[in-house]
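Everything below concerns the one structure shown next.
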Amino acid sequence: FNGRKVLLRVDFNVPVDEQHHITDDTRMREAMPTINKLMSDGAAVILMSHFGRPKNGFDPQFSLQMVVSHLEELVGRPVKFTQELLGPTVSKMAAELRPGEILLLENTRFYAGETKGDPQLAEEFAKLGDCFVNDAFGAAHREHASNAVIARFFPNDKYYGFLMEHEVSNLKRLMEQPQRPFTAIIGGSKVSSKIDILQNLVDKVDNMIIIGGMRYTFTKALG
């Protein structure tokens, strides 16, 4: 990746307290092996992430500004950031980014087209870099503009990161050679986004434990 501008999709959707202090930085630390690999190669890294579920465009309480200082501690160097969304300022910052520098883009969900998988938005993101790396395992099941649709614009230059590789290899091992008894614990707020997973797992596991908000759906179905 030496001398290249790499668009890296990460999952920095970390929990924060009322003062916007990060309470668990696991997701940020899990992205570090991929970020460090790119930096050691001499890449200029443009990070993309979502944060929370903003409803109507820019909302300061969902700005990724709150992760910048901690990210600088983790990477050991300054991180460029702008609260402006895609436009001339962001394009200029990306174009001027030099090898070894990091630019964090503002929350991708501030764009209405992000969660709809808008190809035009994905293309605008794609114009900022030379290649694309997806390391946002926690968001990889969603066909959003910045993590799935964008890959179409890099037919020969799209990759997955070390976190994605680690999670997929572990899942493959669990699915193909599980230790028995095999118990799956499935959480989440919506059954709609998990039903395919539940149906896929139900014949493979010895026990299935359903937690989180979607347990209420099952409670209601049971009367």
Side-chain angles (χ1 to χ4, degrees), residues 6-39 43 45-86 90 93 101-112 114-115 121 125 128-129 132-148 150 159-168 170-171 185-190 193-194 197 211-214:
V6 181
L7 278 163
L8 174 59
R9 180 58 159 94
V10 291
D11 182 3
F12 285 175
N13 187 27
V14 292
V16 296
D17 61 21
E18 293 180 356
Q19 288 73 44
H20 291 166
H21 298 138
I22 297 170
T23 57
D24 184 349
D25 71 345
T26 300
R27 288 176 173 174
M28 296 179 70
R29 286 186 285 104
E30 285 179 334
M32 289 311 301
T34 298
I35 294 174
N36 287 335
K37 155 68 177 171
L38 295 171
M39 303 309 296
V45 181
I46 302 168
L47 297 172
M48 300 182 294
S49 178
H50 69 286
F51 184 81
R53 294 179 178 174
K55 300 298 183 185
N56 298 301
F58 180 81
D59 184 336
Q61 69 172 323
F62 293 111
S63 173
L64 281 169
Q65 173 76 60
M66 67 186 75
V67 310
V68 172
S69 61
H70 187 61
L71 179 59
E72 289 180 330
E73 291 179 19
L74 291 174
V75 298
R77 66 186 71 196
V79 172
K80 298 177 185 294
F81 177 75
T82 174
Q83 286 193 320
E84 288 195 41
L85 302 182
L86 286 178
V90 177
M93 290 181 73
E101 293 184 332
I102 298 175
L103 169 63
L104 173 64
L105 301 184
E106 184 56 285
N107 189 345
T108 58
R109 287 189 181 173
F110 285 160
Y111 300 93
E114 164 71 337
T115 57
L121 175 59
F125 281 132
L128 300 176
F132 174 64
V133 178
N134 192 348
D135 210 24
F137 179 78
H141 61 293
R142 297 189 175 98
E143 194 168 356
H144 289 178
S146 69
N147 70 348
I150 189 175
Y159 312 90
Y160 53 84
F162 292 131
L163 172 60
M164 190 84 77
E165 179 186 44
H166 175 73
E167 296 285 4
V168 170
N170 279 335
L171 282 170
I185 304 173
I186 312 292
S189 59
K190 303 188 300 294
S193 61
K194 301 291 192 304
I197 297 172
I211 63 172
M214 66 181 181

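A quick note: this is a predicted structure, and the numbers were derived from the prediction, not measured. Just the heavy atoms: all of them, side chains too, but no hydrogens, waters or symmetry mates, feed the values below.
- Atom CG in L7 sits 5.0 Å away from atom CD1 in I46 (nearest 0.5 Å).
- Separation of atoms OG1 (T34) and NE2 (H166) is listed at 11.5 Å; rounding is to 0.5 Å.
- Using a 4.5 Å heavy-atom threshold, the side chains of M48 and L128 count as separate.
- Considering only heavy atoms from C-beta on, H144 stays 4.5 Å or farther from T108 through its side chain.
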Using the rule given for side chain to side chain contact (heavy atoms under 4.5 Å, CB included), can you reason through F58 versus N107, listing the C-alpha separation, both sets of side-chain angles and the distance that settles it, and then say yes or no? CA-CA 8 Å; F58 180 81; N107 189 345; over 6 Å; no
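- Two residues are said to be in side-chain contact when any heavy atoms from C-beta on lie closer than 4.5 Å; I35 and I102 meet this criterion.
- We find the NZ-CD distance between K80 and E72 to be 10.5 Å, quoted to the nearest 0.5 Å.
- Sorted by first then second residue, the ring-ring contact (aromatic ring centres under 6.0 Å, His included) pairs that include residues 11-30, not counting sequence neighbours, number zero.
- Residues T115 and R142 are not in side-chain contact: their nearest non-hydrogen atoms beyond the backbone lie 4.5 Å or more apart.
- The two residues P33 and E30 come nearest to each other via the heavy atoms CD-O, 3.4 Å.
- Shown here are the ring-ring contact (aromatic ring centres under 6.0 Å, His included) partners of F137, two or more places apart in sequence or in another chain: there are none.
- When atom types are taken as modelled, the side chain of D135 and the backbone of M164 share a donor-acceptor pair closer than 3.5 angstrom.
- Within the structure, salt bridge (Lys or Arg N to Asp or Glu O under 4.0 Å) contacts touching residues 9-23 (residues at least two apart or in different chains) are R9-E114, D11-R27.
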Could you go through the side chain to side chain contact (heavy atoms under 4.5 Å, CB included) check for V14 and M66 one step at a time? CA-CA 10 Å; V14 292; M66 67 186 75; over 6 Å; no
Worked check of side chain to side chain contact (heavy atoms under 4.5 Å, CB included) between R77 and M39: CA-CA 11 Å; R77 66 186 71 196; M39 303 309 296; 3.1 Å; yes
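- The environment of CG in N170 is crowded: more than 12 heavy-atom neighbours from other residues, nucleotides or ligands sit within 6.0 Å.
- The shortest non-hydrogen separation linking F110 to G57 is CD2-O, 3.2 Å.
- Of all heavy-atom pairs between V133 and Y160, the closest is CG1-C, 4.0 Å.
- Between F125 and L105 there is a side-chain heavy-atom pair separated by less than 4.5 Å.
- The closest side-chain heavy-atom distance from F62 to R109 is not below 4.5 Å.
- The shortest side-chain heavy-atom distance between Y111 and L86 falls under the 4.5 Å cut-off.
- At distances below 3.5 Å, at least one donor-acceptor pair connects side-chain atoms of N134 with backbone N or O atoms of N147.
- The backbone N or O of T82 lies less than 3.5 Å from no partner atom in the side chain of E106, so there is not a single donor-acceptor pair.
- More than 12 heavy-atom neighbours from other residues, nucleotides or ligands sit within 6.0 angstrom of CD on Q83.
- Note: L103 CG to M93 CE = 5.0 Å, rounded to the nearest 0.5 Å.
- Residue A43 comes nearest to V6 through the heavy atom pair CB-CG2, 3.8 Å, listed as atom of the first residue, atom of the second, then distance.
- The number of heavy-atom neighbours closer than 6.0 Å to CD1 of I185, taken from other residues, nucleotides and ligands shown, is 12 or below.
- Heavy atoms only, all atoms of each residue included: F81 and S63 are closest at CZ-OG, 3.9 Å.
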Stepwise, does the side chain to side chain contact (heavy atoms under 4.5 Å, CB included) test hold for H70 with V67? CA-CA 6 Å; H70 187 61; V67 310; 5.7 Å; no
